[in-house]
Amino acid sequence: MNNNLILSVNKISKSFTRLAGAKITVIDNINLRIEKNGKSGQFISVLASFGSGKSTLLKLICGIEKPDSGEILVNGNLLNGTKGEVIFVPEKPSSFPWLNVLENVQFGLEGNKPVQEFIDAVGLTGYEKHYPDNDSIGFRFRISFARALAVNPEIILLDDPFRRMISKTRDEIYDVIRSVMKKYNTTFLLVTTNISEAVYLSNKIYLMKKNPGKIFHEFNIGSETATEMGLNRQERFISLRSEIEKLFTSVGENFQSEIRI
Amino acid sequence: MIFKNKTGTSPYIFLLAYLLIWLILFEFIIPASNVLPKPSIVFQSFGALWSDYNLLTNFLSTVSSIYLPLIIAYFLVMIISEFLFNRKSFFAAFISSIHWFGKYLPGLLIAFIIIYWFPDSNYIESVFVFFTALSSMIIFYQLEIENVEQEYIDSALSLGISKSNLNRKVLWKSVQPKLFSHIFEMHLYIWSMIIAFEFIKGGFGLGVVLKNALLYRDLSALFSIFIITGVTIFIGQTIIRFLKKKFAFWS
C-alpha cells in the first residue's frame, strides 16, 4: 500500500436501473489517485462533458453513493459511508437559508466551535449574522466553502460550482481557493466542463469521456498552477487547451473550450 | 403580507368600504328591512349575544376546539417526521392509504360519521380537528420532502450528519415555509368544517349559536356572529402569517 496517497479510487463502477428496467453504466472502471504534497495543497480536475457521470463520480468518492464494484481509500482507509473526511460542494448553492452565515459554517461541527477564521478566509467577514436567502451564487458558494473548510477535510470535492457564476465572481473565488490552498494545505478535486478553468487552476487534469463515464487520459501540469507561472496569457496555456480539445475529438466528443483570459 | 389585488389595493379597504356603506345606508337612509339589519341594532345585539346565546362559552369552545388540536398536530408531525422521511416504512404506507381515502371521502362526510358514532361527546370535534390537521400535515410533509433541494441533502450527508439529524436540521426546516402556507389554507378549511360540525351536532360552539340565531330568525344576532367569526378568523390568519415570518422566513 502506498502511504503517500490521500485518495485512491480503484476500479470503481456504478450503474443505475431506469424505470423500464434497463441498466445504464454511468461510471466504468475508474482509477484515480491523489498523492500527498508536502508543501501545499493541490488542485486536481476531472474534465468531462455534460452527462458523463461527473457528479456521480464525486458522490461515490464522498460516500453519498456506493459503487457497484471497486474500492475507495482515503488515507489508506476504506471509505465507509460519510464521515466528513471528504466534503462535497454541489453545483447549486447549498447554504441553508434558515441559518445565518455563522450557523451555516458551524453546521457540520459538534458544539459551537470557533469558525471565524474560515469566515474570514472566504471573505465573509462582517456577514456572520446574515441569512443567505436570495443572495448571489458567489456569496452562497463562499458559505458552503467555509463550511467545508471548517470540518478540516482531507479533500474538498467541487461539483462544477463556477459554471453559474459571472466571470468577475468566478475570478474572485479562484483567488480565494488559491489562498486557502496555501494556508490550509487543502486538496481540491474539481469536476468541470470548462477546459480553460481546468488548465488555469489545476496541478493535474484527468480527462473523462461519456457513455459510460471513463477516464481516458491524464495531464500532469506541475506543482505550480498556470497563474503562478504566468501562463494564462501565454502560449502553453493555449496549446494545452487545444491539445485537450484534440484528445476529446479523438474519443468522439466535440469539446469546445471556453476562452477566458 | 396582506394580499393585494392587481391595482395594489388591500381587500380590507374594500371590506371597510362595504361596512361604511352599510352603516350609512341601513342606519340613516333605508328603513328597517329583512335584507340587512340596522347597524345600531347589531351593536345592541352584541350585548344580547353574551346573555341570550351564551357567547363566551360557545366562542371559547370553538376556538379551543380549533387551535389546541392544530398546535398539538403540528408538534406531533415534527416529532414523527423522522419516520415520514423513509417512504418505504409501514407508517409511510399507512399514511399514503389515508391520503387515498381522504381524496375520495369529503371531510364533511367523515364529520357525519363521527357525529353518528359519538353523538354525546364534548371532545369529539377537537378529535376531529386533530385528525384532520394531523393527516393533512403528514401527507403534505411527505409529499413536500420529495421537493427538498438535493444540494441540501448531499451537503449535509457529506458533512457526516446522521439520518435523524438530516431530518431535523435539513428536511423539516426546508419544508417549513410551505408547511406554514399549508396551515394558512387549512386554517380556513377547518373553521368552515367545525362550524358545520357544530351546526349539525349541537352542544357547544359558534355553529350552535348560528343554528339558534337561525331558529329564532334573529337577523342582527346572525350578523353579529358573522362579524365575530370573521374577525376571529382574520386574527388567526394574521397570527399564522406572523409565525411564518418569524420562524419560516426564508423562501
Side-chain angles (χ1 to χ4, degrees), chain A residues 55-56 58-66 79-100 103-110 130-135 137 140-141 143-161 164, chain B residues 1 74-75 77-79 81-82 84-88 96 137 140-141 144-184 240-251:
Chain A
S55 299
T56 306
L58 291 195
K59 285 182 185 181
L60 289 168
I61 292 173
C62 73
I64 294 174
E65 298 271 0
K66 286 192 173 146
L79 185 78
N80 187 15
T82 52
K83 287 178 187 166
E85 297 164 302
V86 183
I87 300 296
F88 177 67
V89 179
E91 180 188 340
K92 288 186 194 165
S94 62
S95 56
F96 305 122
W98 53 88
L99 300 177
N100 63 30
E103 291 163 340
N104 257 294
V105 179
Q106 285 174 331
F107 184 81
L109 306 170
E110 284 181 13
H130 178 79
Y131 285 87
D133 195 17
N134 294 324
D135 281 300
I137 293 174
R140 294 187 70 186
F141 172 78
I143 299 170
S144 309
F145 189 41
R147 187 171 64 196
L149 284 173
V151 293
N152 191 25
E154 289 295 337
I155 308 163
I156 294 177
L157 308 177
L158 303 170
D159 186 9
D160 209 357
R164 293 160 190 264
Chain B
M1 190 185 80
Y74 174 82
F75 284 107
V77 174
M78 188 170 84
I79 293 164
S81 59
E82 195 180 324
L84 303 171
F85 174 40
N86 185 0
R87 297 210 76 175
K88 286 175 187 162
S96 296
M137 278 194 253
F140 182 83
Y141 182 73
E144 210 45 55
I145 51 173
E146 298 284 311
N147 300 326
V148 172
E149 302 279 348
Q150 192 59 41
E151 291 72 34
Y152 295 161
I153 299 170
D154 289 344
S155 295
L157 285 176
S158 109
L159 287 161
I161 199 167
S162 67
K163 279 267 164 83
S164 71
N165 273 341
L166 176 72
N167 177 70
R168 196 165 53 84
K169 292 183 172 179
V170 179
L171 299 176
W172 175 252
K173 285 284 183 185
S174 192
V175 168
Q176 285 311 291
K178 285 182 180 170
L179 186 62
F180 268 93
S181 300
H182 179 68
I183 292 170
F184 190 82
I240 296 168
R241 252 190 244 126
F242 170 77
L243 291 173
K244 186 185 176 190
K245 216 172 171 183
K246 187 88 181 156
F247 299 109
F249 51 86
W250 56 95
S251 53

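In the text below, chain A, chain B and the rest are named by the order of the sequence lines, each starting its count at 1. Keep in mind it's a predicted model, so treat the numbers as computed, not measured.
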Interface check, chain B: of A:Val89, A:Asp133, A:Leu109, most non-hydrogen pairs under 4.5 Å belong to A:Asp133

If one checks every heavy atom of A:Ser95 against chain B at 4.5 Å, the contacting part turns out to be backbone

* **Side-chain heavy atoms of B:Phe249 within contact of A:Tyr131, under 4.5 Å** => yes

Taking every heavy atom of A:Ser94 against every heavy atom of B:Tyr152, the minimum-distance pair comes out as O-CD2, 3.8 Å

Rounded to the nearest 0.5 angstrom, the NZ-CG distance for A:Lys92 and B:Asp154 is 11.0 Å

Item checked: Side-chain (B:Ser158) to main-chain (A:Ile87) donor-acceptor, under 3.5 angstrom -> no

Less than 6.0 Å separating the ring centroids of B:Phe247 and A:Trp98? no

CG of A:Leu99 to NZ of B:Lys169, rounded to nearest 0.5 Å, is 9.0 Å

The salt bridge (charged side-chain N to carboxylate O under 4.0 Å, His left out) partners of B:Glu149 (sequence neighbours excluded) come to none

Cut-off 4.5 Å, heavy atoms of chain B, and the answer for A:Phe88 is both

When the 4.5 angstrom heavy-atom criterion is applied to A:Pro93 and chain B, the contacting part is backbone

Rounded to the nearest 0.5 angstrom, the CG-OG distance for A:Asn104 and B:Ser155 is 9.5 Å

d(A:Arg140 CZ, B:Glu151 CD) to nearest 0.5 Å is 9.5 Å

Of all heavy-atom pairs linking B:Leu159 and A:Phe107, the shortest is CD1-CD2, 3.7 Å

